[in-house]
Structure formats: structure tokens, C-alpha cells
J.: 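Questions regarding the structure given below will be posed in turn.
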Amino acid sequence: MEQNIIKQEKNKVYQKSKLLIDRVMHYCPGCSHGTVHKILAETIEELGIQEKTIGISPVGCAVLLYEYIDIDWQEAAHGRAPALATAVKRLYPDKYVFTYQGDGDLASIGTGEIIHACNRGENITVIFINNAIYGMTGGQMAPTTLEGMQTSTTPRGRSHIETGFPIKITEMIAMLPGVVYATRQSVDTASAVRKTKKAFLKAFKSQELKKGTSFIEIVSTCNSGWKMTPVEANHWMRENMFPVFPVGDIKDLI
Amino acid sequence: MTEKILLKGNEAVALAAIRCGCDAYFGYPITPQSEILETLIEQHPEKQTGMVVLQAESETAAINMLYGGAACGKKVMTSSSSPGISLMAEGISYIAGAELPCIIVNVMRGGPGLGTIQPGQADYFQTVKGGGHGDYRLIALAPASVQEMNDFVELGFDLAFKYRNPVMIVTDGVIGQMMEKVQLSPSKPRLTDQEIEKLYGDWATTGKPAYRKRNIATSLDLDPGKQEQFNMHLRKKYLEIERNEVRYEPFMCEDAEYILVAYGLSARVCRKTVELAREAGIKAGLIRPVTLFPYPYKAIESVVPRVKGILTVEMSAGQMTEDVALAVKGKIPVWFHGRTGGMLPSPEDVFSLLKNIINGTFDSADVPGINYQL
Ligand SMILES: Cc1ncc(C[n+]2csc(CCOP(=O)(O)OP(=O)(O)O)c2C)c(N)n1
Ligand code: SF4
Ligand SMILES: [Mg+2]
């Protein structure tokens, strides 16, 4: 009885974004991708830019991202999203263009494309999901895999002697003069989600200034790939990922 | 009528792109076609038509920029030469799989590997039999003059949009670099988004307005049934292209006893050979495939009953000649003459070989290059 009185339209303080398409996501429960999708949909809805937004989805677990958010999409080959985004933005300088990429996509096979798009200062937003692993292909080493971390291709733990160090691509990107905003966030707590949302709004808005690339890394969990429960994965991320990939703004020229 | 001017083949491609309302060009330098990018930047079409011209960081990036632009429904073009086209193979497959229109120009050089910067025609297999992964086809146009370098840009865009399929203009370093007089095409404005939608439909990813569903450019379908359906759809499209778009140029074939088959520069050489042969009283003719896909199998098949044999000439070790053999079906002999590594066939050499064929001395090894009977 009480409940029904409270559950009224006028009392609503929060609801699912209208741009999130009503279907079951294919992500593992606890995966960060879904939370970031929600933030992305909210950002586009709140800025009222659905008609002017073109998203470029990656190859990785988020390959079907275009099934979840109600905007126009292009599905890129593995790592090539920044090249597609470059063309779209150059042809439509007044539209909002973003890429959404995993660590394998952006920091391994697509390193060339991301570095040069950022170096040209393309007026796009890059959303970078760093879960330190290749989720989609079953948990192999990513360029961001931590030292000592076990994956299916580093079963004895990653050793820099064999396979190098976890790459801090966002710090590298931030060094490029074409980049106006580079930040590292997470989505493991309510307050982290709010901060990430702020970063999204800022990054998308910054496209209007036409001053350069905005880049958001989200330190993420892949509980399936890491072979942990969602709760364990969040703990593990805070304890092990944050020291290597510290959260916060790296560059802000907006 | 516009004026005729003297241009290199590569320059003609660049000017034709601007004049036919191309929206964007993305490319990476490589000999022998860098003049295309250079001419475009020199012309500064941003100022004239708003056309975007950008030097990409690699051919991989260039072809993926093409994907992005093409998915917006725009007329986009890139150009490269053999090693660069190999690097583009991934993107070409994705573009074909997403059914997007675009033009890729390949000004071929000799290979394999880094090969040579000199002209070649050894990318025939790559162009018409695959190159990238999966069951896809490119519409392939093979110009044999600077005029055709100009004309095939507009034709290429027409075909690309008609079938929503990538088009390759396949030519070689000689056609790209040589100068000839060209009748430029009339200048056309670039199309607006509204015009594109009216002409070609509303599939482009331009930002989703309230009145339509969201558009998605993708080559992915994880459902095997649907993926097979899609491949069947593609096959239907390619069959339609084979029915409608075969182009070739016959030369003195009516009474010919021997037919030469060659495309691009080799066809120009063979045309001269036909003239030499006719002067010597030998009834030779030439079939020049203009489209490499769809291939003029029927045109070749139709001469088989009335000729004694066919000589294919290519700047390769023998690639298109396999399609000639496919058309001939073993009914008459097919001989091959190829020059590689940047060496060019000459009208005289081809003529000598033709005489050897007639005299039954084909194997005499007095003509340089790769010669064999299939
Ligand atoms: C050219 C190419 N190489 C390899 C693959 C296989 N592959 C698909 S996704 C992937 C890695 C994805 O990892 P990441 O980008 O970190 O995304 P995640 O799944 O972790 O979100 C690989 C290697 C591919 N699809 N294409
Ligand atoms: S494999 Fe990892 S990244 Fe992929 S959906 Fe599952 S948890 Fe998410
Ligand atoms: Mg990953």
C-alpha cells in the first residue's frame, strides 16, 4: 500500500535511459561493460544529441554494443575504430563521434590507429575499457595485463622478461598535443560511476570546442576472464590495478 | 564540352575525383601512385567543393577511414600500389561484408614482397579471386588510357552505389605515370545528405533522426543461419553484376584466326601487335577485358569456334590467363606470354611469339619472359 503511493511518475528520481534498448545484454554478470554502456546512453540522452551521434564499436566483448544503444553505429575491424571515427568526424565536424574500445583493441592491435588519431587531435571521444585481459577470446594476456597476473597465455603469471610490461597507454596518449582531455576512471562504486558520468559529459561536450581528442580510460573488471566473483573482482581491481593504473585526470586542457 | 588537357594517369584520377563530387580521399604514399594524393592536396579541394583529403598513417588506417566515410553514405576513395593493397585487404573484406560503396585504386607494381617500384599486373588474383578473407567480390575496372583513368572514377562511383559494393580501379605504373590528352568530366557538386538518401536509400549512419530506425554498418552476424542467408544475398548480387556489368573491348576480332587477350597496358601493347600481324597478312585480333570482375568469359567463349588459338599477355607470371582457359574449356590451345619484375611486353616480342605459334615453334625460347602453353 505504502509502496504504491511512492511509486509514481512524479516521485521518480532515476530511471533507465530511454536510449538503452530493452534487451538482455550478453555480458557476464558483474562485467564493467554493462555499467559503462548505461553511462554512455545517459550521456547521449542528457546532452540531447541522439540525432547527431555516431558510435564506432570495437571487436572485443563490446562488439555487439550497437544492439544496446539506440543511435547510428559503425562496427569496426579489430583496433581500427579511430580510423573510422576520423573519417566520420571529418565529414561531419558538427556531429558527435566516439569510439568504444577494449585494451586488446586499442592498446595492442590498434595502437597505430589510436596514437595517430589522437596526434591529429581528431575531435572525437575515445572510451577505453581496460580490463587487463582479452575477455572475448577467453582470457588471454592483454598489453595491460599486470606483471604476475595469470591468464590463459601467461599461466605462470606475466613476466616482463618474456612479454613486457603493462602498457600505460593513457599516459602516452596524454603526452600528445592533440589530446585535450585524458582521464582514468572506474565504475566499481556508486561514487565512481558518478565521476565517470561527469567525465563522459565533459568529454562529449568538449567535441563542440573542436580543440582535440577527449580520452576516457575506465579501469574495468572481467570477472570471467579473471576467474573471480564480481565482488572479488572489484576488490582485486582496487588492490592490484589501481596502483598500476591510478584513477584520476591525467590531462585537462578543456 | 570541357577542354582537353595533358595529364598523367594518376593526376587524371585525382581531378576526376574532385570533379565528380567525391566527398573524401584518404591515402598513404607509395610509388608509383603518390601523385594522386599530391595532386589532391595541391588542388586543395576543401576550398573548392569541401572534399576532405587526408594523408593517413598507413594503408590500414586509410582503408578503415574509407569504411567510416562510406558508412556515412559518402563518395570516398583511396589509392595505393600493390604492397599497400595487401595491407588494405582486411579493410576491403570488411567493406564488402558491410556492403559499403567506395573506390580503391591500385596502381600495380611488380612483386611479390617489396618487389619493385616498376609497373606490374601481378595483383590480378588478389583483385578478382580474393585478397581479403571470405566470399566477397570487388567490381574491378581496368583502364588502358589516361582518359579511362578519368572516366572510370565516375563510373566506379556509379557502380559502387548501384550495388553497394567496393570498386577497384586496377591499373599499372605505366598508365599511372604516362601523359596523354584527357577530356575532363564536367564538374558536379557533392551530394547533400538529403540527396544521398533520396538516390540511394536511408542506410547511411548520419546520426539517427526520430523518423527512422538506427542504422548500423556491420559485417557481423553470429547466427550461422543468418550469416549463410547473407552470403546467399551477396552471391545473388554478384550474379546480377555478372549479368549486367561485363565490359570489354574487341579489336579486329571478326575474321581473326588468332586472338590476343590482355588488359591495361598489356592490351595497348597487343593492339600494336595486332596491327603488325595484320600488316604481315596474319589475321589476329584482340579482346581487352575492361571489367576484370565481372570477367568477359562469354566474349572469349564466343570466339572459340572460329579461332585457332588464344595468346594471353600479362605483366605477371600468368594469372588472368587462367580465366581465359576457363572460358575456352580446353577446346583450343591457350598460350601465355608474361613479363615480370617491371619488365614490359613489347609489340615485337608478342608478334614473334605469335609467329612461332603459327609455325609450330612456340617452344623455341627466343622470346624473353615467361612463355608457356596452358
Ligand atoms: C584481426 C583479428 N585478430 C584477432 C581477433 C580475435 N579477437 C577478437 S576480440 C579479441 C581481443 C579483445 O580484447 P579486448 O579488446 O581487451 O576486449 P574485451 O573483450 O576484453 O572487452 C581478439 C584477439 C579478431 N577478431 N580480429
Ligand atoms: S568475458 Fe569479461 S569482458 Fe567479456 S562479458 Fe564476460 S566479464 Fe565482461
Ligand atoms: Mg580487454
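None of the values given here were measured: they were computed from a predicted structure. All values below were derived from every heavy atom in this structure, side-chain atoms included, with hydrogens, water molecules and symmetry-related copies excluded. Note on naming: letters A, B, ... go to the chains in the order of the sequence lines (proteins, then strands), and numbering restarts at 1 for each one.
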J.: Measure distances from B/Thr206 to the heavy atoms of chain A and classify the residue's part below 4.5 Å as side chain, backbone, both or neither.
T.: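 Both backbone and side chain of B/Thr206 come within 4.5 Å of chain A.
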
J.: With a 4.5 angstrom heavy-atom cut-off, is it the side chain or the backbone of B/Ala70 that approaches chain A, or both, or neither?
T.: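 Interface part for B/Ala70: neither.
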
J.: Return the minimal non-hydrogen interatomic distance between A/Ala87 and B/Phe26, and the atom names on each side.
T.: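 Looking at all heavy atoms of both residues, the shortest contact is CB-CZ, 3.6 Å.
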
J.: With a 4.5 Å cut-off on heavy-atom pairs, point out which of B/Val76, B/Asp193, B/Leu222 contacts chain A the most.
T.: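 Highest number of pairs under 4.5 Å: B/Asp193.
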
J.: I need the minimum non-hydrogen distance between A/Leu91 and B/Ala24, along with the two atoms involved.
T.: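 Minimum heavy-atom contact is CD2-CB, 4.1 Å.
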
J.: Mark yes when over 12 heavy atoms from residues, nucleotides or ligands other than A/Lys52 sit less than 6.0 Å from its NZ; otherwise mark no.
T.: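 Atom NZ in A/Lys52 is not crowded, with 12 or fewer foreign heavy atoms closer than 6.0 Å.
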
J.: Looking at A/Leu64, A/Ile54, A/Val88, which has the largest count of heavy-atom pairs under 4.5 Å with chain B?
T.: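 That would be A/Ile54.
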
J.: Checking salt bridge (Lys or Arg N to Asp or Glu O under 4.0 Å) against A/Arg80, which of B/Glu59, B/Glu90, B/Glu57 comes through?
T.: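 Only match with A/Arg80 under salt bridge (Lys or Arg N to Asp or Glu O under 4.0 Å): B/Glu90.
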
J.: When rounded to the nearest 0.5 angstrom, what distance separates CG in A/Asp70 from NZ in B/Lys208?
T.: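 Those atoms lie 4.5 Å apart.
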
J.: Under a 4.0 Å threshold between the charged nitrogen and the carboxylate oxygen, would B/Arg212 count as salt-bridged to A/Asp72?
T.: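 A salt bridge links A/Asp72 with B/Arg212.
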
J.: Nearest heavy-atom pair of A/Glu113 and B/Ser58: which atoms, and what distance?
T.: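 Here A/Glu113 and B/Ser58 meet closest at OE2-OG, 4.3 Å.
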
J.: For the residue pair A/Tyr66 / B/Asn215, report whether a side-chain donor-acceptor contact shorter than 3.5 Å exists.
T.: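 No, no side-chain donor-acceptor contact under 3.5 Å.
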
J.: By a 4.5 Å heavy-atom criterion (distance strictly below it), what part of A/Ile21 contacts chain B: side chain, backbone, both, or neither?
T.: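 Contact with chain B: side chain only.
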
J.: Could you tell me which non-hydrogen atom of A/Gln74 sits nearest to which non-hydrogen atom of B/Cys72, and how far apart they are?
T.: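 Between these two residues, the closest heavy atoms are NE2-SG, 3.8 Å.
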
J.: Check whether B/Ile63 gets within reach of chain A through its side chain, its backbone, both or neither, counting any heavy atom under 4.5 Å.
T.: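 Contact with chain A is absent: no heavy atom of B/Ile63 under 4.5 Å.
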
J.: Has B/Tyr67 got a side-chain atom pairing as donor or acceptor with A/Glu75's backbone, closer than 3.5 angstrom?
T.: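 Pair found, side chain donor or acceptor close to backbone of A/Glu75.
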
J.: Where do A/Trp73 and B/Thr205 come nearest, in terms of heavy atoms and distance?
T.: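 Distance-wise, the nearest heavy atoms are O-CG2, 3.2 Å.
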
J.: Is A/Thr53 in contact with chain B via its backbone, its side chain, both, or neither, using a 4.5 Å heavy-atom distance?
T.: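 For A/Thr53, the contact with chain B is made by the backbone alone.
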
J.: Let me confirm one number: the CZ-CD distance from A/Arg90 to B/Glu46, rounded to the nearest 0.5 Å.
T.: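 It is 8.5 Å, given to the nearest 0.5 Å.
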
J.: Identify the two heavy atoms, one from A/Glu51 and one from B/Ala210, that lie closest to each other, and give their separation to 0.1 Å.
T.: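 The answer is OE2-N, 3.6 Å.
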
J.: Heavy atoms, side chains only, cut-off 4.5 Å: are A/Ile71 and B/Arg214 in contact?
T.: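 A side-chain contact under 4.5 Å is absent here.
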
